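What follows is a short report on a single structure.
The structure displayed is predicted, hence computed values, not measured ones.
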Amino acid sequence: MFKQYDVIVIGAGHAGCEAANAAASMGSSVLLVTMNMNTIAQMSCNPAMGGVAKGQIVREIDALGGLSGIVSDKSMIQFRMLNLSKGPAMWSPRTQNDRMRFSEEWRLALERNPNIDFWQEMVKGLLIENGKVTGITTNLGLKIMAKAVILTNGTFLNGKIHIGEKNFGGGRAAENAAFGITEQLVQLGFDSGRMKTGTPPRVDGRSLNYAKMEEQPGDENPGKFSFLPQTRPLHKQVSCWITYTNEKVHDELRKGFDKSPMFQGRIKGIGPRYCPSVEDKINRFAERERHQIFVEPEGWNTIEIYVNGFSTSLPEDVQYKALTKIPGFENARMFRPGYAIEYDYFPPTQLKLTLETQVIDNLYFAGQINGTTGYEEAACQGLMAGINAHNKIHSKEPFVLKRSDAYIGVLIDDLVNKGTLEPYRMFTSRAEYRILLRQDNADLRLTEIGYRLGLASRERFDALLAKKIEIAQLGSELTKLKLDPDTVNDSLVDLNTSALKEKISISQLLKRPQIQITDLKKVNSQLAQVINAYSPEVRQQVEINIKYESYIAREEVLAKKLGNLEGFRILPDFDYDRVKALSSEAREKLKRLKPETVGQASRISGVSPADLSVLTIYMGK
């Protein structure tokens, strides 16, 4: 019934979709197995993509040739660039999405890939021979063979849903949990743990009083995620709204604390630190009189509203009474209550940087199974696992992004070398090279790499080459063109910047914080003609390069210095016990995590600079 596949992907969430598309687009035959074909790429939580640091990840996925950016663009109902009041390293794109269209666009994209087959059933276990995965077994007793398997199980492994004192098995509301895989992996020698996440109630948008809320429209000139021209910015957008909890809301919520599964110890898993439940917020931050609530539409045509900031597992009657105390929610009708979900994960220190497991060859983990939270974090892991599974079975070099290459590299490096005891979320503060890793230059950093891999299209690569040429041309023109004080000083005073005393180049003028590149069009007609000849993306890139030239150069030097350590390879069978001068903690960590380079070893918690010095001296001998 089934042929032998190159790659089987288990789970069709954000990680699974990117993994299947990547491996198939590079030429592997792929079987995507899901328990429900109708929930492919389901937005299980909020109907949005991107945000702080997450938006950078989506643009990196797109630059490499993944689909999350394109799907987000095709299903977005609002676009906002966050943190525009800060420097460009902090700018983060975010889309509000139509939940149903997002899932549909992903399914259609996958169905258009001729190398992807689909199978709807629960996977019961893995087929293992001589320490290598060879396929899967299903609930119906089917055995399907493959050269590599990628697990992207999300919250389904032994998932348990909690609402007040009620709890029941489930991987998502109205969907069954998956059983069998955790138990088998533990028997094979893997460590596992439990994590927890949650979701808020959904309400009827017709029952809300928006006059009591603050409107949050999209950007006046909206952008998009994908660098490809096949998607377009929105011409019309749907507004979100902001309101706040208050003491009356908090008092109602406290009435349910005695039935809270979190406070009564029924939930054992650790929840996300940066997205806590509303009951956790009012308990931990009792001094706060209010907490922000984002009122987010779930699509163009639906009346369903996502109550962002009100994640909870309290009893449904407590949830409802508390909701009606929120300004604008006095007459709210609830569609479904919020809930918490516990699920199994596997500490990611058991992985290689390729996301292949250390215990079983050709078995890859991606997404929440590795302890992460968020669609974007899952999607980028799926992309990397799909690329590396394809490369491994086709005898190609492993693909690893360094911390100075991408936020994706930071995320995977953090997971593998440091592990995580709570759901991992990406922030700009986690990246030490964030001036280099901006959202605007993701294509300049990664598209050529994606093209060489066979994932990014020729169309992407040609567009990149054209963009590079235009950036160089505009940069050169702005450096060569000189401004005469007699002809431009009046315009400069109008722009609230000091007059010139001598001729300077336009690039020198552009270094002034008061001057933006679009302001140059007001200086004289010749400049306006030069600027208008280039796209907004090229103009922005040149402006950032000029204004932040010294900062960019400094980070490039630092990245190169630290990157040299990545050139010192450590053999897989290196015997750390022979290096007597290593501290016992370093020896234990190095033996367990098996770093592939000295650079990777340097980022392992517990490995000191002295240990690194001892290790490099020993390796030199």
- request: May I ask you to check whether Tyr424 and Tyr345 place their ring centres under 6.0 Å from each other?
  value: no
message: To the nearest 0.5 Å, what is the distance between CZ on Phe225 and CG on Asp73?
response: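 CG of Asp73 is found 7.5 Å from CZ of Phe225.
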field: CD on Glu60 to OG on Ser68, rounded to 0.5 Å
entry: 12.0 Å
query: Which residue pairs satisfy the ring-ring contact (aromatic ring centres under 6.0 Å, His included) criterion with at least one member in residues 115-158, sequence neighbours excluded?
result: Phe2-Trp119
task: Applying side-chain contact (heavy atoms from CB on, under 4.5 Å), name anything that partners Ser44, two or more places apart in sequence or on another chain.
output: Gln42, Arg172
field: Contacts of type side-chain contact (heavy atoms from CB on, under 4.5 Å), residue Lys268, not counting sequence neighbours
entry: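 With neighbours one apart ignored, the set is Glu342.
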message: Check this for me, if you would: do Arg94 and Glu296 make a salt bridge, where the nitrogen-to-carboxylate-oxygen distance has to be below 4.0 angstrom?
response: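 Salt bridge between Arg94 and Glu296, a charged N being under 4.0 Å from a carboxylate O: yes.
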field: Salt bridge Lys402-Glu566, side-chain N to carboxylate O under 4.0 Å
entry: no
For [X], look at atom [atom1] and say whether over 12 heavy atoms of other residues, nucleotides or ligands are found less than 6.0 Å away.
{"X": "Asn130", "atom1": "CG", "result": "no"}
{"X": "Asn176", "atom1": "CG", "result": "no"}
{"X": "Arg452", "atom1": "CZ", "result": "yes"}
{"X": "Asp575", "atom1": "CG", "result": "yes"}
{"X": "Leu188", "atom1": "CG", "result": "yes"}
{"X": "Glu397", "atom1": "CD", "result": "no"}

Phe346 and its side-chain contact (heavy atoms from CB on, under 4.5 Å) partner, picked from Val359, Asn153, Leu157: Leu157
task: Mind checking ring pair (Phe, Tyr, Trp, His ring centres under 6.0 Å) for Phe461 and listing every partner two or more places apart, or none if nothing turns up?
output: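 So Phe461 forms a ring pair (Phe, Tyr, Trp, His ring centres under 6.0 Å) with Tyr451.
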message: Under the rule for ring pair (Phe, Tyr, Trp, His ring centres under 6.0 Å), what residues qualify as partners of Phe399, not counting sequence neighbours?
response: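 In terms of ring pair (Phe, Tyr, Trp, His ring centres under 6.0 Å), with neighbours along the sequence ignored, Phe399 is linked to no residue.
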Whether Arg603 side chain and Gly599 backbone form a donor-acceptor pair below 3.5 Å: yes
statement: Sequence neighbours excluded, the answer for salt bridge (Lys or Arg N to Asp or Glu O under 4.0 Å) partners of Asp280 is Arg284
